[in-house]
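Notes to accompany the following structure.
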Amino acid sequence: TIFAFVRFGVRGYIDRAKHKHYRFPSSVGVLAWLFTQLGAWLVVLGPILPKTWTVGPFATREVATIVGAKMMIISLVVTSYSGHWKCYRRAAAAEAKDEQYYHKLSLQKNISIAGGFVMIIGFHLPHL
């Protein structure tokens, strides 16, 4: 996810939103790019920020990690629903077993990744 911006860039996210027939593909693409990139960077960089780093009473490295994890969870929920759940249902209706299996597996992976982000949030909450 972190290096997806190199491969796809904002344009790739906008093109994907157009392919999925979202109402406002440019806005959706930019928001998807922002949530995945900023969220991933905050999760990765949050723990290694200096302990004295603050930008106000609440902006600490723990908060940076928690905000990043929440952004990634939101991104995963949207991706899971629009990219896998809807496709899984379509494949089930068409009895396309291979496609159905792929989307089911992707859904399960996204759920487990979201669970990992919930654990990251739980780990950082006691330090606030």
Side-chain angles (χ1 to χ4, degrees):
T1 297
I2 291 176
F3 297 107
F5 72 94
V6 173
R7 198 166 20 142
F8 301 120
V10 177
R11 170 66 34 215
Y13 284 88
I14 292 171
D15 290 344
R16 192 73 183 146
K18 285 179 184 174
H19 175 75
K20 292 287 183 183
H21 304 292
Y22 285 119
R23 232 176 227 187
F24 304 105
S26 296
S27 300
V28 170
V30 169
L31 284 172
W33 180 84
L34 181 70
F35 268 64
T36 56
Q37 296 312 307
L38 185 59
W41 282 110
L42 285 172
V43 169
V44 170
L45 295 178
I48 62 173
L49 288 171
K51 287 188 183 239
T52 57
W53 180 79
T54 59
V55 186
F58 299 109
T60 63
R61 63 191 202 160
E62 288 84 10
V63 172
T65 303
I66 290 169
V67 168
K70 286 181 179 182
M71 291 175 80
M72 292 303 296
I73 290 170
I74 291 168
S75 175
L76 281 168
V77 167
V78 172
T79 301
S80 297
Y81 176 72
S82 67
H84 298 299
W85 176 249
K86 288 170 87 176
C87 294
Y88 172 78
R89 299 295 293 164
R90 250 191 317 263
E95 296 182 11
K97 297 293 183 193
D98 289 341
E99 188 177 350
Q100 190 177 358
Y101 174 77
Y102 164 75
H103 288 294
K104 182 179 179 182
L105 185 63
S106 295
L107 271 169
Q108 291 170 339
K109 284 195 253 182
N110 284 357
I111 291 168
S112 67
I113 293 168
F117 284 123
V118 169
M119 289 181 68
I120 288 172
I121 291 169
F123 177 77
H124 285 284
L125 277 178
H127 301 289
L128 293 179

Separation between CD1 of I74 and CE of M72, rounded to the nearest 0.5 Å: 11.0 Å

Partners passing side chain to side chain contact (heavy atoms under 4.5 Å, CB included) against A92 (at least two apart in sequence or in another chain): Q100

Results of side chain to side chain contact (heavy atoms under 4.5 Å, CB included) for V30 - residues two or more places apart only: V10, I14

Separation between NZ of K70 and OG of S75, rounded to the nearest 0.5 Å: 16.0 Å

Distance, nearest 0.5 Å, that separates CD1 of I66 from NE2 of H124: 7.0 Å

Y13 and Q37: CA distance, side-chain angles, deciding distance, side-chain contact (heavy atoms from CB on, under 4.5 Å) verdict: CA-CA 11 Å; Y13 284 88; Q37 296 312 307; 3.4 Å; yes

Under 3.5 Å donor-acceptor pairs involving side-chain atoms of residues 108-116, not counting sequence neighbours:
from: N110; atom 1: ND2; to: S80; atom 2: OG; distance (Å): 3.0
from: S112; atom 1: OG; to: K109; atom 2: O; distance (Å): 2.7

Nearest-0.5 Å distance that lies between atom CD in E62 and atom CZ in F123: 9.0 Å

Spatial distance of atom CG (L31) from atom OG1 (T36) [nearest 0.5 Å]: 10.5 Å

Heavy-atom closest pair, residues V43 and G68: CG2-C, 3.4 Å

I73-L125 co-clustered via ILVMFWY side chain contacts under 4.5 Å: yes

K104 side, atom NZ; L107 side, atom CG - distance, nearest 0.5 Å: 10.0 Å

By side chain to side chain donor-acceptor pair (under 3.5 Å) - contacts of R11 (at least two apart): D15

Connected via hydrophobic side-chain network under 4.5 Å: V118 and I120: yes

Heavy-atom pair with the smallest gap, counting every atom of P25 and A17: O-CB, 3.6 Å

Step-by-step side-chain contact (heavy atoms from CB on, under 4.5 Å) determination, T79 to L76: CA-CA 5 Å; T79 301; L76 281 168; 5.5 Å; no

V67 reachable from V78 in the ILVMFWY side-chain graph, under 4.5 Å edges: no

Sequence neighbours excluded - ring pair (Phe, Tyr, Trp, His ring centres under 6.0 Å) pairs with any residue from residues 86-122: H84-H103, W85-Y88

Where P47 and T65 come nearest, the two heavy atoms and their spacing: CD-OG1, 3.5 Å

For K20, side chain to side chain contact (heavy atoms under 4.5 Å, CB included) partners two or more places apart: R16, Y22, C87

L42-L34 co-clustered via ILVMFWY side chain contacts under 4.5 Å: yes

